[in-house]
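Read through the structure below, which is laid out as structure tokens, and then see the notes.
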Amino acid sequence: MSAGLVEVRRILTATPLARQHQLRVAGKATRRPKPIPWNDFDRQQFSPEARALALDAFKQIAIGEYGAVQMYAQLTAAMALAGLPLDLLTAAASICSDEARHADYALRMAAAIAGHDVPVSVDKEPLESPWRKEVTLETLDAAVLHVAAISETIACALIGACHERSSDATVGALHANLVADEVHHARFGWYYLSWRAPQWTQAERQRLADRMASNVVGIERRFWWGRDASATHEPAARALGVLESEGRRLAVREIMESEIVPALDSFGLGASHAWQKRLRGGNPRPPRGEHELD
Ligand SMILES: [Fe+2]
Ligand SMILES: [Fe+2]
């Protein structure tokens with residue numbers, strides 16, 4: 001095969017993504033967003049302090065979701081150039097479209113809370129830099145591991161915790177849509193790894209394990225701070241799905257220990273060791289988007 005050509009075959013993985021792909025091909029993909037009752041939201045029911053915390057949270061979500069659009073677009077393009085199985089391509093491309101819809105939800109919710117349009121600024125450098133170097137299958141493995149498998153699984157836990165708190169119907173419906181989609185994004189990550197892991201050489205597995213470890217040791221610290229309302233405004237903040245520091249730490253620790261670390265261990269990446277050696281305590285940096293690419 002010439003270096004300038006990509007060999008394209010009609011191949012699928014032996015994972016459940018193949019079945020989803022076949023449903024898409026047959027026009028039978030069934031996942032649809034649930035309606036969000038935007039007109040029911042009344043910003044005046046919430047104190048300015050609670051609104052400020054929720055506004056900050058939705059702006060961060062919008063930044064993360066928008067960044068994820070670029071990430072999955074790059075990933076889809078790179079997977080196409082590498083000639084990967086078609087079910088991986090349709091899954092990644094559909095995640096890209098989900099993330100643009102999530103960015104829309106978050107911007108719309110931010111505007112509803114603020115009472116006016118709220119633009120956000122997305123830093124291009126961390127989105128572009130991983131793709132400036134030569135993109136190999138190992139680059140794709142690392143991107144999928146960090147962004148889809150680890151970050152999307154953490155996103156499920158964090159948004160799930162926000163959803164448990166949110167008693168407002170509009171915010172709750174928004175969170176329910178996000179969780180329903182992020183579960184599929186996380187599964188894409190884990191299924192990709194289960195397809196790829198048997199192909200890794202010992203050296204490839206070790207390099208990925210090293211990159212995984214440098215991510216995992218810093219996860220607790222990165223997600224240490226939530227948004228803490230004063231006692232008077234705490235019920236209103238909860239109703240808007242604002243996640244306090246304690247709840248955020250608990251959600252991250254639980255999902256790491258119950259799902260992420262065991263799954264990474266099952267691929268021979270030695271995550272238990274990295275998790276035991278993790279950096280403890282807070283990082284002075286404010287929370288970032290949930291779809292960060294390290
Ligand atoms: Fe998302
Ligand atoms: Fe996602």
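All ligand and atom numbering here is 1-based and tracks the order in the structure.
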Inset, instruction - Have a look at F41 and tell me which of I113, L174, I36 forms a side chain to side chain contact (heavy atoms under 4.5 Å, CB included) with it. - result: I113
Inset, instruction - Please name the atom of E65, restricted to N, O or S, that is closest to the Fe ion (ligand 1). - result: OE1
Legend entry - Of all N/O/S atoms in H102, the name of the one nearest the Fe ion (ligand 1): ND1
Legend entry - 2.8 Å cut-off met by an N, O or S atom of E182 to the Fe ion (ligand 2): yes
Legend entry - Student check: side-chain heavy atoms of L158 and L243 closer than 4.5 Å: yes
Inset, instruction - Taking atom types as modelled, find out whether R227 and S245 have a side-chain donor-acceptor pair closer than 3.5 angstrom. - result: no
Could you pull out all donor-acceptor pairs under 3.5 Å where a side-chain atom in residues 186-195 meets a protein atom, sequence neighbours excluded?
from : atom 1 : to   : atom 2 : distance (Å)
W190 : NE1    : T153 : OG1    : 3.0
Y192 : OH     : D141 : OD1    : 2.6
S194 : OG     : Y191 : O      : 2.9

Legend entry - Under the side-chain hydrogen bond (donor to acceptor under 3.5 Å, both in side chains) test, residues paired with R101 that sit two or more places apart: D98, Y105, D181
Inset, instruction - Could you confirm whether E152 has any N/O/S atom lying under 2.8 Å from the Fe ion (ligand 2)? - result: yes
Inset, instruction - Output the atom name for the N/O/S atom of E99 with the smallest distance to the Fe ion (ligand 2). - result: OE2
Legend entry - Atom name in H185, limited to N/O/S, at shortest distance from the Fe ion (ligand 2): ND1
